[in-house]
2 protein chains.
Amino acid sequence: MPDHNTRFKDFLELRGFKLTRSRKLILDAAFELHEHFDAEKLHDSLKGLNVSLATVYRTLPLLLDAGLIQLAMRSEGRDRFEHILGHPRHVHWICENCKQVFETNLDELVPRIEVAAKAQKFEINHINISISGLCWKCRINANESQ
Amino acid sequence: MPDHNTRFKDFLELRGFKLTRSRKLILDAAFELHEHFDAEKLHDSLKGLNVSLATVYRTLPLLLDAGLIQLAMRSEGRDRFEHILGHPRHVHWICENCKQVFETNLDELVPRIEVAAKAQKFEINHINISISGLCWKCRINANESQ
DNA sequence: ATCCTTAATGAGAATCATTTGCAACCAGCT
DNA sequence: AGCTGGTTGCAAATGATTCTCATTAAGGAT
Ligand SMILES: [Mn+2]
Ligand SMILES: [Mn+2]
Ligand SMILES: [Zn+2]
Ligand SMILES: [Zn+2]
């Protein structure tokens, strides 16, 4: 059984929640998508399995609490998530023009953040760093057309 | 005339937009609020001045484009903004329990981010760093009750 | 200062992601 | 197999944000 499955099982047990068919399917779908996803995309990937969109919405907070997924960003009016296990922490670079999202390693920034956390006795649960601007392709186009 | 006023005027002129009564009022209100605000709070601070909420929503993107305000965070389903001029860049530490927001200086992290930006030829427009977890007060309470 | 053109506004309706109510269901335990 | 309280699908509700449209008012021209 994959790591994330046992982790979800343990989490639910601890909370007194039940491991249901829908929850299993949603978790697996979240780990089969190797890109950012919103509730609807996750639901689409379960087409034909009779899992309701409402249940997807209800399960997302559980996966968040369990530390299995995280909110990657909010764009175009929707929350976009990504699964965590197996994906190292990273920075999101979002091009305001073409909306593409690039990722870079976050490790080098973490020690400095942890120092700041210690200074104020803050217990870090989740670090979100997103940087918006123009990707190199869109910079070139912007220069050409000016 | 305050710095932000001339800046807004110039911005609107450059874009061929008009400097209207409502826009002036909204800008001033945004700089009189010295805390994070959402559209409704900004609108409330204009109570009695006959500025519609729709116009507040329409003006927010202008202030963003003009670099006068920035999206600080999204919480409880609403976008929260803050004015920029006079406020140095900072990290947001959000307590998941009491929802309080703390701020720390961001300058030490910026050089590293800029190196990463250069490496991928990304033009930074806005850096957003928010860290969620537990503030020191809520950590104590969490320990006591366990 | 008055005209003119056209963008901007207020008010309310519309949109749409997310949440919720509820009756039927089912996971976990005896 | 029988209980029981959590869970689900479905549909309706919610609420932040956007849009429509008739009316108003910037601001350049006269
Ligand atoms: Mn990512
Ligand atoms: Mn702030
Ligand atoms: Zn781009
Ligand atoms: Zn707290």
Side-chain angles (χ1 to χ4, degrees), chain A residues 1 5-6 8-30 36-66 69 71-81 99, chain B residues 1 5-6 8-30 36-66 69 71-81 99:
Chain A
M1 182 152 68
N5 279 299
T6 59
F8 195 35
K9 186 174 180 303
D10 293 347
F11 168 83
L12 292 172
E13 209 160 294
L14 192 66
R15 296 277 188 104
F17 297 150
K18 292 175 179 172
L19 181 57
T20 64
R21 184 190 101 99
S22 293
R23 285 174 178 167
K24 277 183 248 180
L25 289 170
I26 291 167
L27 173 65
D28 287 340
H36 302 141
F37 58 86
D38 57 26
E40 196 185 341
K41 181 186 257 186
L42 188 52
H43 181 240
D44 284 350
S45 81
L46 292 167
K47 209 174 347 230
L49 293 173
N50 194 36
V51 174
S52 82
L53 181 56
T55 297
V56 170
Y57 272 109
R58 282 186 282 235
T59 304
L60 253 8
L62 297 178
L63 299 181
L64 285 168
D65 278 1
I69 65 170
L71 179 64
M73 73 200 63
R74 183 175 175 83
S75 64
E76 288 158 302
R78 298 152 165 256
D79 284 337
R80 319 253 172 198
F81 305 87
K99 313 295 182 198
Chain B
M1 180 154 66
N5 279 300
T6 58
F8 194 36
K9 187 174 180 305
D10 293 346
F11 168 84
L12 292 172
E13 207 159 299
L14 192 65
R15 296 277 188 105
F17 297 150
K18 292 174 179 173
L19 182 57
T20 64
R21 183 189 103 97
S22 293
R23 285 175 177 167
K24 276 184 251 185
L25 289 170
I26 291 167
L27 173 65
D28 286 342
H36 301 141
F37 59 86
D38 57 26
E40 195 184 342
K41 179 185 255 184
L42 188 52
H43 182 239
D44 284 350
S45 81
L46 291 168
K47 208 173 351 227
L49 293 174
N50 194 35
V51 174
S52 83
L53 181 56
T55 297
V56 170
Y57 272 108
R58 283 186 282 235
T59 304
L60 252 8
L62 296 178
L63 299 181
L64 284 169
D65 278 0
I69 65 171
L71 179 63
M73 71 200 65
R74 182 174 175 85
S75 65
E76 289 158 304
R78 305 154 90 101
D79 284 336
R80 319 253 172 199
F81 306 87
K99 312 295 180 198

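- Nearest to the side chain of A/Lys18, among D/dC10, D/dG5, D/dT17, sits D/dG5.
- Contact annotation: side chain of A/Arg58 to base of D/dG9, donor-acceptor pair present below 3.5 Å.
- Remark: B/Thr55 is in phosphate contact with C/dG10, judged by side-chain N or O atoms under 4.0 Å from OP1 or OP2.
- The distance between atom NE2 of B/His43 and atom P of C/dT9, rounded to the nearest whole Å, is 13 Å.
- Comparing B/Asp38 and B/Phe17 along DNA chain D, the residue whose closest nucleotide (by nearest heavy atom) sits nearer the 5' end is B/Asp38.
- Checking D/dT7, D/dG9, C/dA11 against the side-chain heavy atoms of A/Ser52 singles out D/dG9 as nearest.
- Under the 3.5 Å distance criterion, the side-chain polar atoms of B/Thr59 are matched with a main-chain donor or acceptor of B/Thr55.
- Side-chain nitrogen and oxygen atoms of B/Ser22 include at least one within less than 4.0 Å of the OP1 or OP2 phosphate oxygen of C/dG10.
- Contact check, A/Tyr57 against C/dT19: no side-chain N or O comes under 4.0 Å of OP1 or OP2.
- One interatomic measurement links the two molecules: CD of B/Glu76 to C1' of C/dT18, which rounds to 15 Å at whole-angstrom precision.
- Within 6.0 Å of atom NZ in B/Lys9, 12 or fewer heavy atoms from other residues, nucleotides or ligands are found, so the atom counts as exposed in its surroundings.
- Remark: B/Thr20 is in phosphate contact with C/dT9, judged by side-chain N or O atoms under 4.0 Å from OP1 or OP2.
- Residue A/Arg23 is in sugar-phosphate contact alone, with no base atom involved, counting any heavy-atom pair closer than 4.0 Å across all strands shown.
- For the pair B/Arg80 (side chain) and B/Leu71 (backbone), a donor-acceptor distance under 3.5 Å is absent.
- Separating the CZ atom of A/Arg21 from the P atom of C/dA24 is a distance of 20 Å, rounded to the nearest angstrom.
- We find that NZ of B/Lys24 is positioned 12 Å from C1' of D/dG27, with the value rounded to whole Å.
- A salt bridge links A/Arg78 and A/Glu40; the closest N-O separation between the charged side-chain nitrogens and carboxylate oxygens is under 4.0 Å.
- Using a 4.0 Å cut-off, some side-chain N or O of A/Arg74 falls inside it from OP1 or OP2 of C/dT18.
- The nearest whole Å value for the distance from the CE atom in A/Met73 to the C1' atom in C/dA17 is 17 Å.
- Atom-to-atom, CD of A/Glu13 to P of D/dG5 comes out at 20 Å; the value is rounded to the nearest Å.
- Annotation: side chain of B/Arg21 is in contact with side chain of B/Val51 (closest heavy-atom distance under 4.5 Å).
- If you take CG of A/Leu46 and C1' of D/dG9, they are 14 Å apart, rounded to a whole angstrom.
- If you measure from atom CG of A/Leu60 to atom P of D/dT8, you get 13 Å, rounded to the nearest angstrom.
- Residue B/Asp79 is classed as a sugar-phosphate contact, given heavy-atom separations below 4.0 Å to backbone atoms only.
- Comparing D/dA16, C/dG12, D/dT7 against the side chain of B/Arg78 picks out D/dA16 as the nearest.
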